[in-house]
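Below: one structure, written as structure tokens.
Worth saying up front: this structure is predicted, and the values here are computed from it rather than measured. A note on names: the letters A, B, ... follow the listed sequences, proteins ahead of strands, and every chain is numbered from 1.
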There are 2 protein chains.
Amino acid sequence: MNLDPAVSAEALMIAVERMVRHVRRSAITGGLSMAASTALGRLVREGPHLLTELARAEGASQPNMTQLITRMERAGLVSRVADPHDGRAVLVEATDIGLEVFRQRCAERADAFQSLVEELSEPEQQAVRIALPALDRAVQARQARQDCS
Amino acid sequence: MNLDPAVSAEALMIAVERMVRHVRRSAITGGLSMAASTALGRLVREGPHLLTELARAEGASQPNMTQLITRMERAGLVSRVADPHDGRAVLVEATDIGLEVFRQRCAERADAFQSLVEELSEPEQQAVRIALPALDRAVQARQARQDCS
DNA sequence: TATTGTTATACTCTATAACTATA
DNA sequence: TATAGTTATAGAGTATAACAATA
């Protein structure tokens with residue numbers, strides 16, 4: 001096995017990107033783009049957001065989010081609700097249809113990933129369960145540090 | 001640790017997607033989009049392609065690739081060369097500038113990933129080196145089966 | 001004056017349909 | 001006729017700048 005860090009880092013990233021791409025292509029319900037998919041997921045998991053909050057959380061500009069939400073509203077996935085506490089503000093929330101689409105896509109992605117994992121040996125599966133959460137923790141720690149600096 | 005497969009598959013995918021997103025944002029040289037970045041990477045790694053071949057390999061339509069290559073040519077990253085064997089065909093190849101941009105971006109991505117991995121414990125790092133190539137092998141085996149069916 | 005959101009504008013990315021040129 | 005590529009057209013996704021309404 002090649003353990004040279006500088007060489008293997010790029011190879012490992014290419015490997016994991018191919019895997020993510022494969023799984024993403026398996027979630028087809030609703031024909032959502034990545035932008036719509038991640039915004040919908042956030043609204044379902046975290047509840048209604050101000051448009052501004054959602055834009056910041058998704059790393060997008062406010063006009064971008066205005067337009068994305070307009071398209072998603074047209075598709076019936078989300079709805080705009082006036083904020084009772086602030087006349088300027090708009091709360092965005094997932095509709096019942098949006099929730100159902102999200103759940104379906106979650107299931108499709110989980111199936112695709114699970115189906116890959118099941119082809120691995122038991123030690124490899126164990127490595128997956130250790131490696132992926134560990135990398136995610138490192139990413140989140142990194143982002144928490146950036147927010148404070 | 002939660003080892004229930006159905007529940008953890010989605011959580012593991014979210015984890016790995018966050019990681020990929022983080023690393024992708026670390027590669028900034030040239031200001032390339034994902035489409036341009038992956039096409040350039042293919043041209044550098046695999047050599048010149050017919051426009052049609054490149055479109056198929058990247059999972060894009062021919063007109064899409066025509067336009068992407070036009071933009072990349074304008075940016076100096078690739079060049080169109082007439083195919084000596086077929087008057088209809090156009091060979092696309094990376095320029096010296098494209099090669100240099102690709103190398104720079106590879107280094108940036110590898111640094112970002114390596115920097116994450118270094119925050120992990122040694123057993124976690126070992127799990128990464130086992131898990132990621134194993135998942136990639138499963139993806140490639142899956143795609144090879146699809147090509148034959 | 002600062003904040004929330006939209007509109008205007010422009011560029012990239014993507015697709016399908018129609019077209020040109022060559023095999 | 002089939003293949004390689006482009007052009008035409010349209011819609012999604014993105015950004016910045018300018019604007020409206022509210023706090």
Per-nucleotide protein contact string for nucleotides 15-23 of chain D (B base, S sugar-phosphate only, - none; heavy atom under 4.0 Å): BBB---BBS

Interatomic distance, B:Leu68 CG vs D:dG5 P [rounded to whole Å]: 14 Å

Passing candidate, side-chain contact (heavy atoms from CB on, under 4.5 Å) with A:Leu135, options B:Val16, B:Leu120, B:Val23: B:Leu120

A:Thr66 side-chain N/O to C:dT6 phosphate OP1/OP2 under 4.0 Å: yes

Nearest-angstrom distance from the residue atom CD of B:Glu58 to P of C:dA15: 12 Å

Spacing of B:Leu50 atom CG relative to D:dA4 atom C1', expressed in whole Å: 8 Å

Residues forming a salt bridge (charged side-chain N to carboxylate O under 4.0 Å, His left out) with B:Arg137, sequence neighbours excluded: A:Glu124

Euclidean distance, atom CG of residue A:Leu32 to atom C1' of C:dT14 [Å, nearest integer]: 16 Å

Residues which pass side chain to side chain donor-acceptor pair (under 3.5 Å) with A:Thr52, listed by chain and number, not counting sequence neighbours: A:Gln62

Spacing between B:Met34 atom CE and C:dT14 atom C1', to the nearest angstrom: 15 Å

Non-neighbouring partners of B:Arg71 that pass side-chain contact (heavy atoms from CB on, under 4.5 Å), sequence neighbours left out: B:Gln67, B:Leu68, B:Arg74

Distance, rounded to the nearest Å, where B:Arg25 contributes CZ and D:dT14 contributes C1': 13 Å

Dot-bracket encoding per residue of DNA chain D, Watson-Crick/G-U cut-off under 3.5 Å, | denoting interstrand: |||||||||||||||||||||||

Below 4.0 Å: OP1/OP2 of D:dG5 and any side-chain N or O of B:Thr52: yes

Those residues that, when tested against B:Thr29, pass side-chain contact (heavy atoms from CB on, under 4.5 Å) (two or more places apart): B:Val101, B:Gln104, B:Arg105, B:Glu108

Which residues share a side-chain contact (heavy atoms from CB on, under 4.5 Å) with A:Ala89, sequence neighbours left out: A:Leu50, A:Asp83, A:Asp86

Residues which pass salt bridge (charged side-chain N to carboxylate O under 4.0 Å, His left out) with A:Glu46, listed by chain and number, not counting sequence neighbours: A:Arg42

Gap separating the OG1 atom of B:Thr95 from the CD atom of B:Glu73, nearest 0.5 angstrom: 9.5 Å

Value in whole Å for how far the C1' atom of C:dT6 lies from CG of A:Asp83: 17 Å

Within residues 74-81 of chain B, residues whose heavy atoms come under 4.0 Å of DNA chain C: B:Arg74

Residues which pass side-chain contact (heavy atoms from CB on, under 4.5 Å) with B:Thr66, listed by chain and number, not counting sequence neighbours: B:Leu51, B:Thr70, B:Arg80

Salt bridge (charged side-chain N to carboxylate O under 4.0 Å, His left out) partners for A:Glu100, two or more places apart: none

Residue pairs involving residues 23-39 of chain B (criterion salt bridge (charged side-chain N to carboxylate O under 4.0 Å, His left out); sequence neighbours excluded): A:Glu17-B:Arg24

